[in-house]
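This report concerns only the one structure given below.
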Amino acid sequence: MRVSRLLLVTLRDDPAEAEIVSHKLLLRGGYIRRISSGIYAYLPLLWRVLQKIEHIVRDEMNATGALETLLPQLQPAELWQRSGRWDGYTAGEGIMFHLDDRQGRALGLGPTHEEVITTLAADLLRSYRQLPVNLYQIQTKFRDEIRPRFGLMRGREFIMKDAYSFHADEASLGQTYGAMDQAYRRIFARCGLRAVAVEADSGAIGGSASQEFMVTAEAGEDLILTSSDGRYAANQERAVSLPSPAIPLQASSCTELTTPGQRSIEALCSAHGFDPSQTVKVLLLLARFATGQPQPLLVSLRGDQQLNEVKLANAVNGRAESGAGALLEIAPITPEQLQGEGLAALPFGFVGPQLSDAVLESARTWTPRFLRLADATALELERFVCGACRPDSHLVGASWGDLCPTAFLRPTGLDLRSAQPGDRCVHEPTQRLEAARGIEVGHIFQLGRKYSQALEATFTNEAGSDEPLWMGCYGIGVSRLAQAAVEQHHDSQGICWPVTIAPFEVIVVPANGDDPQQTQLAEELYDALRQAGVDALLDDRSERAGVKFKDADLIGIPWRVVVGRGAPQGRIELVRRRGTVSQELEASALLNSLMPALQNERLGLLEQHA
RNA sequence: CGGGAUGUAGCGCAGCUUGGUAGCGCACUUCGUUCGGGACGAAGGGGCCGCAGGUUCGAAUCCUGUCAUCCCGACCA
């Protein structure tokens, strides 16, 4: 390809719309243009990158025996209603774009494809003899994100590879899950990305085991916690750790303490010399469901611990009444909400675990009793400080036995705290958790039988009876991966693509486009490279050398061949983009010099993972 | 959804306080000189100042509304 024909439009200034470096570079390098918030055009240069990523994905997926398919993006609401996800995905802060057709039938634009694929499986898969099967597609997904940001990182329309496997038993599912784990490691390595596999929450998709693949980068939206021995890595949403021991409170009985205006743990402790680990804080929250009544929550945590919302949401989901439908939101109870329910004001900041359900008695729409949950670290305290349920007053030396004498008041003990960097590890207490930021580029799940049961996808087993299929699902954010690669591979001059996903492998630059000797030699080398199977670009523009060098650096072509003053003597220059390593050599020696290095780079980081 | 900011040429911005009909840099076109790290000179082209109302003799500028985009938040009272 010739640069003059490439529709290469580069920008000198950072566009105001971009915040992070990868987003700026993709815009400046002429890779993407924003069409609307979270919606981007993939320009020809980026499309080449995406196709190279897709090729690697296909190659590795096919190698595991998976079958490529293409499923509809426009999906009937009925399918989603049968799986129970329609309300959760469309109401509240649901992420599914949806619409009505001319007959008034509701449809959704697929944010994911479990419903469609499971329906197909129910239709096609009848016998254990057909199993296991793994189907995948590379498809545009639609998600109405609360807040799209960072270019392709969190878009409302993006390209994803998603795969769905079907099995006769759990062991077979485990096998494919393992094979996908290995395939994913190879895919990211071949793309030249440093990625780590972490334990993850399975989120809205549901299911049991799940693992995320994170590209480590400062701009990552996720916090990941790892042990330095490499044996533990988890998303903070899911991470577990050993809490620091509490400092025992010297008290044998319960007394009341006046605490004017001391609503926060911090204010309370600094005014009276308590350690936060000697206190129990109580959070009053409201869980809203798609169909069921709003459920007030009373959550007790040790004062020095942080609530993990994801763990809480999972706990609430597991305890919701069967007809409640999807959990839409958990948010702090506000004074306005209490008023709206016709309830008396509550002493926020001075609430203890003993708060009676009587305060909810006359609620108009809420369930008139709290769901009482507590983190294990709070329940372990013998004596502690907590709110007295009266303004400007706390209890010192309270105990669970005194406060909550009846089983009715006693909270259920769970793991609800967030693990923090520096915490001791569960697998080995001498190890500490370290924090890193990561961009989630892949996620694999063992779904089990959740969808197959809901959508009645069954097969006939060896014994002749019907049972639901076992399922797994496996995603890779293809467009996000492209930007994550830029985030991980750039310098002050621009992008430094790994060869495997670069739009071109080599760019040939005649320094002076008016010099016939230079242009002729450049043309010859360009032809020779292409005949050798190299993905080459020729900068045939009549620009000054500086402009061509700057553009080559910005768009990040891994190798540059400069044909300049040495052309009459047959001397050229070979420059490696990464590190800007340059060597001068005979034009006739180009292929011999370049090909071994290029061949090696075409493996990505694979050799490290072999 | 809450808070903050910004909408002026393809991109980056000034002008707005104190109303008088639009400017700078880059990019684009032509010519000349230059030619190995975003050249220089000259001459050009391009804007319903986001949109809609209002105030005024007159609005990019003041007022009201609306739309869009970006950032922070929507966990610990």
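Below, read A as the first sequence line, B as the second, and so on, with proteins coming before strands; counting in each chain starts at 1.
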Exercise for the section: First locate atom NZ of K311(A), then atom CG of D415(A), and finally report the distance between them rounded to the nearest 0.5 Å. Expected result: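 One gets 3.5 Å once the value is rounded to the nearest 0.5 Å.
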When the distance from [atom1] of [X] to [atom2] of [N] is rounded to whole Å, what number comes out?
{"X": "R12(A)", "N": "G37(B)", "atom1": "CZ", "atom2": "C1'", "answer": "12 Å"}
{"X": "M153(A)", "N": "C70(B)", "atom1": "CE", "atom2": "C1'", "answer": "17 Å"}
{"X": "L307(A)", "N": "A74(B)", "atom1": "CG", "atom2": "C1'", "answer": "14 Å"}
{"X": "E309(A)", "N": "C76(B)", "atom1": "CD", "atom2": "P", "answer": "8 Å"}
{"X": "K281(A)", "N": "C75(B)", "atom1": "NZ", "atom2": "P", "answer": "14 Å"}
{"X": "R33(A)", "N": "G10(B)", "atom1": "CZ", "atom2": "P", "answer": "11 Å"}
{"X": "E221(A)", "N": "C71(B)", "atom1": "CD", "atom2": "C1'", "answer": "13 Å"}

In Watson-Crick or G-U wobble terms, both distances under 3.5 Å, what is the partner of [N]?
{"N": "U33(B)", "value": "A39(B)"}
{"N": "G23(B)", "value": "C13(B)"}
{"N": "C48(B)", "value": "none"}
{"N": "C1(B)", "value": "G73(B)"}
{"N": "A68(B)", "value": "U6(B)"}
{"N": "G53(B)", "value": "C63(B)"}

Problem - No-H, no-angle donor-acceptor pair, D553(A) side chain to G37(B) base, under 3.5 Å - result: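 Between G37(B) and D553(A), which were checked side chain against base, a qualifying N/O pair under 3.5 Å is present.
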Problem - Polar pair under 3.5 Å, donor/acceptor by atom type, side chain R560(A), base G37(B) - result: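 Side chain to base: pair found, below 3.5 Å.
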Kindly say if [X] contacts the phosphate of [N], meaning a side-chain N or O under 4.0 Å from OP1 or OP2.
{"X": "S37(A)", "N": "C70(B)", "answer": "yes"}
{"X": "S264(A)", "N": "C76(B)", "answer": "no"}
{"X": "R28(A)", "N": "C11(B)", "answer": "no"}

Practice task
Spell out, as yes or no, whether a donor-acceptor pair under 3.5 Å connects the side chain of Q483(A) to the backbone of L152(A).
Solution key: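 Checking the backbone N and O of L152(A) against the side chain of Q483(A), a donor-acceptor pair under 3.5 Å is found.
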Practice task
Could you tell me whether the side chain of D539(A) and the main chain of V3(A) form a donor-acceptor pair under 3.5 Å?
Solution key: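 Answer holds: no.
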Exercise for the section: Start with the C-alpha distance between R437(A) and M214(A), add both sets of side-chain angles, then the distance that settles side-chain contact (heavy atoms from CB on, under 4.5 Å), and finish with yes or no. Expected result: CA-CA 9 Å; R437(A) 300 212 68 89; M214(A) 296 285 193; over 6 Å; no
Looking at every strand, decide which applies to [X] at a 4.0 Å heavy-atom threshold: base, sugar-phosphate, or nothing.
{"X": "L284(A)", "answer": "base"}
{"X": "L283(A)", "answer": "sugar-phosphate"}
{"X": "V351(A)", "answer": "nothing"}
{"X": "I333(A)", "answer": "base"}

Problem - C1' atoms of G7(B) and G50(B), separation to the nearest Å - result: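 My reading of the C1' atoms in G7(B) and G50(B) gives 6 Å.
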Problem - Distance, P atom - from U30(B) to C11(B), rounded to whole angstrom - result: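 Rounded to whole Å, the distance is 22 Å.
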Exercise for the section: Just say parallel, tilted or perpendicular for the rings of F142(A) and F97(A), cut-offs at 30° and 60°. Expected result: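 Judged by the thresholds at 30° and 60°, the geometry between F142(A) and F97(A) is perpendicular.
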Handout entry: Pair E543(A) + K548(A): basic N to acidic O under 4.0 Å
Key =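 Judged by the 4.0 Å cut-off on N to carboxylate O distance, E543(A) and K548(A) do not form a salt bridge.
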Exercise for the section: Just grab all the salt bridge (Lys or Arg N to Asp or Glu O under 4.0 Å) pairs involving residues 264-287 of chain A, residues at least two apart or on different chains. Expected result: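 For residues 264-287 of chain A, and leaving out neighbouring residues, there are no salt bridge (Lys or Arg N to Asp or Glu O under 4.0 Å) pairs at all.
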Exercise for the section: Sequence neighbours left out, what passes side chain to side chain donor-acceptor pair (under 3.5 Å) with D553(A)? Give chain and number order. Expected result: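 R560(A).
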N/O contacts under 3.5 Å, protein versus nucleotides 32-35 of chain B?
{"residue": "U34(B)", "atom": "O2", "partner": "R544(A)", "partner atom": "NH1", "Å": "2.7"}
{"residue": "C35(B)", "atom": "O2'", "partner": "N512(A)", "partner atom": "ND2", "Å": "3.4"}
{"residue": "C35(B)", "atom": "N4", "partner": "D514(A)", "partner atom": "OD2", "Å": "3.4"}

